[in-house]
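The next block holds one structure in the form of structure tokens; read it before the comments.
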2 protein chains.
Amino acid sequence: MIPCPDSRLAAQIAFIVEIDALKSVLRQTLLTDGSRRENDAEHSWHIATMAFVLAEYADAPVDAGRVARMLLIHDIVEIDAGDTFIHDTKGHEDKDAREQAAAKRLYGILPADQAGEFTALWGEFEARETADARFAHSLDRLQPLLHNFETRGGTWTPNHVTADKVRALLPRIEGGSKRLADYARALIDESVRLGYLPEA
Amino acid sequence: MIPCPDSRLAAQIAFIVEIDALKSVLRQTLLTDGSRRENDAEHSWHIATMAFVLAEYADAPVDAGRVARMLLIHDIVEIDAGDTFIHDTKGHEDKDAREQAAAKRLYGILPADQAGEFTALWGEFEARETADARFAHSLDRLQPLLHNFETRGGTWTPNHVTADKVRALLPRIEGGSKRLADYARALIDESVRLGYLPEA
Ligand SMILES: [Ca+2]
């Protein structure tokens, strides 16, 4: 549809237009003012920006620019696979297969070299082995906690989420940053104290 | 409100929570499916991701990670200053003063070292002198063209925008990339041909 002078740029522009759909993938998280649900594109912007603000708290040295890049592209698979709510056990059963197929189709729109590069970066995020990936997960998990606190239990209350379920997410934050995990733990305790989150 | 173990992390978390408001700053641009207006946060995600996809077309060597970082934070001033429609001459008169005050307040929420760093990066974007800043502007201007093409003149038609007004934006794209400017020029011509954009 869009005129393109060569097939490489055509593929890149097609990818850029295709990923606009990430703005329509809704998460459970509410905006901090409670006005509406957050979408994956703006969530990705938020956590990528957090990478530059909070990099100093990574337990192992990280490349903040690389963490941001990973976070900018990590949710693109959800255009096809959808967002799986963190406390939805059933949805997590076939999540991997759905996301693998999505990665193949979506990153595959890019020229082969970039498709390989983006797929590898997404795979690195999913594998949670490198320092960059571990810290990226810390941020991805910390951000919704901030939103749930600001909205006084915004998505916890309607989904009957209890403190033990939220505390079960702490190891993922701790995998990249003990300091941010300590902060998240304090935030959960404070949420319980304020009545935003039931202990059980 | 949020419990914080020390004042440095407290300031950083306060900034992260504050900038959530960027998700509620609406642009004129429509999503490519025409369903609604785009907000500044998802726009910033889109163009930061474009930096990694299109970096090879920058006329001078750029650091894609740095361009992405610049693009992630460049619109934060619009939380206070609002988005000024590109074809709104009146709104542009006091844009600089409004954005300067906004930068001072918003980046100023961060600890002093990071406030300085973010303000400098935003200033570099605005000054359009470095290769990174020039290429960042190319992407910031190219993206809405793609959206207007995909929505068959989505924001051009209701705002009575003509081709000469859109062509007047080409030098900003050309400042960072002749190749992307050539592409944008072809896109404008094609938009005229298809009746999405009146020649005059
Ligand atoms: Ca802007």
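Chain identifiers are assigned alphabetically (A, B, ...) following the order of the sequence lines, protein sequences preceding nucleic acid strands; residue numbering begins at 1 within each chain.
Ranked by heavy-atom pairs shorter than 4.5 Å toward chain B, the options N39(A), I76(A), D63(A), D33(A) are led by N39(A). Per-residue counts of heavy-atom pairs under 4.5 Å with chain A were compared for H147(B), E117(B), M50(B), H46(B); the largest is that of H46(B). Chain A forms the most heavy-atom pairs under 4.5 Å with one residue out of S44(B), A21(B), A68(B), S191(B), and that residue is S44(B). Put simply, of L22(A), L142(A), T49(A), I16(A), the one with the most heavy-atom pairs under 4.5 Å next to chain B is I16(A).
Y196(B) and F149(B) have perpendicular rings, their planes meeting at more than 60° on a 0 to 90° scale where under 30° would count as parallel.
Both the backbone and the side chain of Q12(B) come within contact range of chain A, each with at least one heavy atom under 4.5 Å from a heavy atom of that chain. Heavy-atom distances place no part of D182(B) under 4.5 Å from chain A, backbone and side chain included. Heavy atoms closer than 4.5 Å to chain B are found in the side chain of E56(A), but not in its backbone. Contact annotation for R8(A): both backbone and side-chain heavy atoms come within less than 4.5 Å of a heavy atom of chain B. Neither the backbone nor the side chain of R66(B) comes within less than 4.5 Å of any heavy atom of chain A. In this structure, chain B has no heavy atom under 4.5 Å from any part of D189(A). Of the two parts of E38(B), only the side chain, counted from C-beta on, holds a non-hydrogen atom closer than 4.5 Å to a non-hydrogen atom of chain A.
Of all the heavy atoms in S177(B) and F135(B), the pair that sits closest is CB-CE1, 4.2 Å.
Here F15(A) and F118(A) bring their ring centres to under 6.0 angstrom of each other.
E124(A) has no carboxylate O lying under 4.0 Å from a charged side-chain N of R134(A), or vice versa, which leaves the two without a salt bridge. Ionic pairing of R105(B) and D80(B) is present here: one or more N-O contacts between side-chain nitrogen and carboxylate oxygen are shorter than 4.0 angstrom. The residues R179(B) and E174(B) are annotated as not salt-bridged, no charged nitrogen and carboxylate oxygen being separated by less than 4.0 angstrom.
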*Under the salt bridge (charged side-chain N to carboxylate O under 4.0 Å, His left out) rule, what do R37(A) and E42(A) come out as? Steps first, then yes or no, please.*
CA-CA 11 Å; R37(A) 285 167 66 188; E42(A) 57 197 9; over 6 Å; no

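For the pair I173(B)/L139(B), no side-chain contact is recorded, criterion being any heavy-atom separation below 4.5 Å from C-beta on.
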